[in-house]
Amino acid sequence: VQLQASGGGTVQPGGSLRLSCAVSGFNLVLYDIGWFRQAPGKEREGVSCIGGWNGTPYYVDSVKGRFTSSRDTAKSTVWLQLNSLKPEDTAIYYCATNLRRLAGGCRMSGFTDSGYWGQGTQVTVSS
């Protein structure tokens with residue numbers, strides 16, 4: 001099982017980025033995928049997840065309306081579109097899976113340190 005996040009970069013406030021998470025070793029329709037971020041000096045926080053069964057996304061309030069999760073099961077890839085970026089969105093972004101699919105849809109609590117995590121991609125929002 002491997003997850004590889006990419007697509008980070010430096011953008012100005014209000015800008016956009018598209019993060020990718022390429023997965024291998026499992027089928028995306030079987031398991032939930034989560035996006036997390038960690039800013040310098042802060043704890044890791046959940047951002048969004050996408051459910052394994054039907055691809056329904058979930059967003060935390062701070063990114064709702066600005067970020068969009070999607071996937072292509074044939075390409076074994078999950079994307080996180082980041083729009084209207086703010087300086088407080090600056091962080092290393094990670095994708096993860098616990099190789100499980102929660103009933104009723106994905107939740108950020110469904111991902112733990114014992115799951116599988118990608119290496120992270122840096123997003124910097126600065127003028």
Worksheet item: Above 12 or not: heavy atoms from other molecules or residues under 6.0 Å from CD of Gln2?
Response: no
Item to complete: Mark yes when over 12 heavy atoms from residues, nucleotides or ligands other than Lys42 sit less than 6.0 Å from its NZ; otherwise mark no.
Response: no
Fill in: Atom pair OG1 (Thr10) and CG (Leu85), whose distance is rounded to the nearest 0.5 Å
11.0 Å
Response to the item:
What one should report as the nearest heavy-atom pair of Arg71 and Val29 is NH1-CA, 4.0 Å
Item to complete: Not counting sequence neighbours, list each pair that qualifies as a ring-ring contact (aromatic ring centres under 6.0 Å, His included) and has a residue in residues 91-127.
Response: Phe36-Phe111, Phe36-Trp117
Discussion item. Run the side-chain contact (heavy atoms from CB on, under 4.5 Å) test against Arg101 and tell me which residues pass, sequence neighbours left out.
Written reply: Leu30, Asp32, Trp53
Practice prompt. Might you point out which heavy atoms bring Val23 and Ile33 nearest each other, and give the distance in Å?
Written response: CG1-CD1, 4.5 Å
Practice prompt. To the nearest 0.5 angstrom, please state how far the CG atom of Leu80 sits from the SG atom of Cys95.
Written response: 10.0 Å
Worksheet item: Are the charged groups of Lys86 and Asp89 less than 4.0 angstrom apart, N to O?
Response: no
Discussion item. With side chain to side chain contact (heavy atoms under 4.5 Å, CB included) as the criterion, how do Leu99 and Val1 come out once you've worked through the C-alpha distance, each side chain's angles and the decisive distance to 0.1 Å?
Written reply: CA-CA 9 Å; Leu99 295 183; Val1 173; 3.9 Å; yes
Fill in: Arg107 backbone acceptor or donor facing Ser109 side chain under 3.5 Å
no
Worksheet item: ring-ring contact (aromatic ring centres under 6.0 Å, His included): which pairs involve residues 58-82, sequence neighbours left out?
Response: none
Worksheet, complete the sentence: One should read off an interatomic distance between Arg37 CZ and Thr121 OG1, to the nearest 0.5 angstrom, of 14.0 Å
Discussion item. Less than 3.5 Å apart, any donor N or O on the side chain of Ser48 or Ser69 sitting next to an acceptor on the other?
Written reply: yes
Worksheet entry | Distance-minimising heavy-atom pair for Gln122 and Ala91 | NE2-O, 3.4 Å
Worksheet item: Can you get from Leu102 to Ile50 by hopping between Ile, Leu, Val, Met, Phe, Trp and Tyr side chains that sit under 4.5 Å apart?
Response: no
Worksheet item: Side chains of Leu28 and Val78: closer than 4.5 Å at any heavy-atom pair?
Response: yes
Worksheet, complete the sentence: dist Ile92:CD1 -> Gln38:CD (nearest 0.5 Å) comes out at 7.0 Å
Item to complete: Kindly determine whether Gln119 and Gln4 satisfy side chain to side chain contact (heavy atoms under 4.5 Å, CB included), including the steps that lead there.
Response: CA-CA 6 Å; Gln119 84 287 2; Gln4 185 170 357; 3.8 Å; yes
Worksheet item: Side chain of Ser127, backbone of Gln12: donor and acceptor closer than 3.5 Å?
Response: no
Discussion item. Going by salt bridge (Lys or Arg N to Asp or Glu O under 4.0 Å), name the residues that satisfy it together with Arg100, two or more places apart in sequence or in a different chain.
Written reply: none
Item to complete: Kindly compute the distance separating CG (Leu82) from OG (Ser16), expressed to the nearest 0.5 Å.
Response: 8.0 Å
Worksheet item: Sequence neighbours excluded, which residues qualify as side-chain contact (heavy atoms from CB on, under 4.5 Å) partners of Ser114?
Response: Asn98, Thr112
Worksheet item: Between Leu3 and Cys21, what is the shortest heavy-atom contact and its length?
Response: CD2-SG, 3.8 Å
Discussion item. Listing request: all ring-ring contact (aromatic ring centres under 6.0 Å, His included) pairs with a residue in residues 13-34, at least two apart in sequence or in separate chains.
Written reply: Phe26-Tyr31
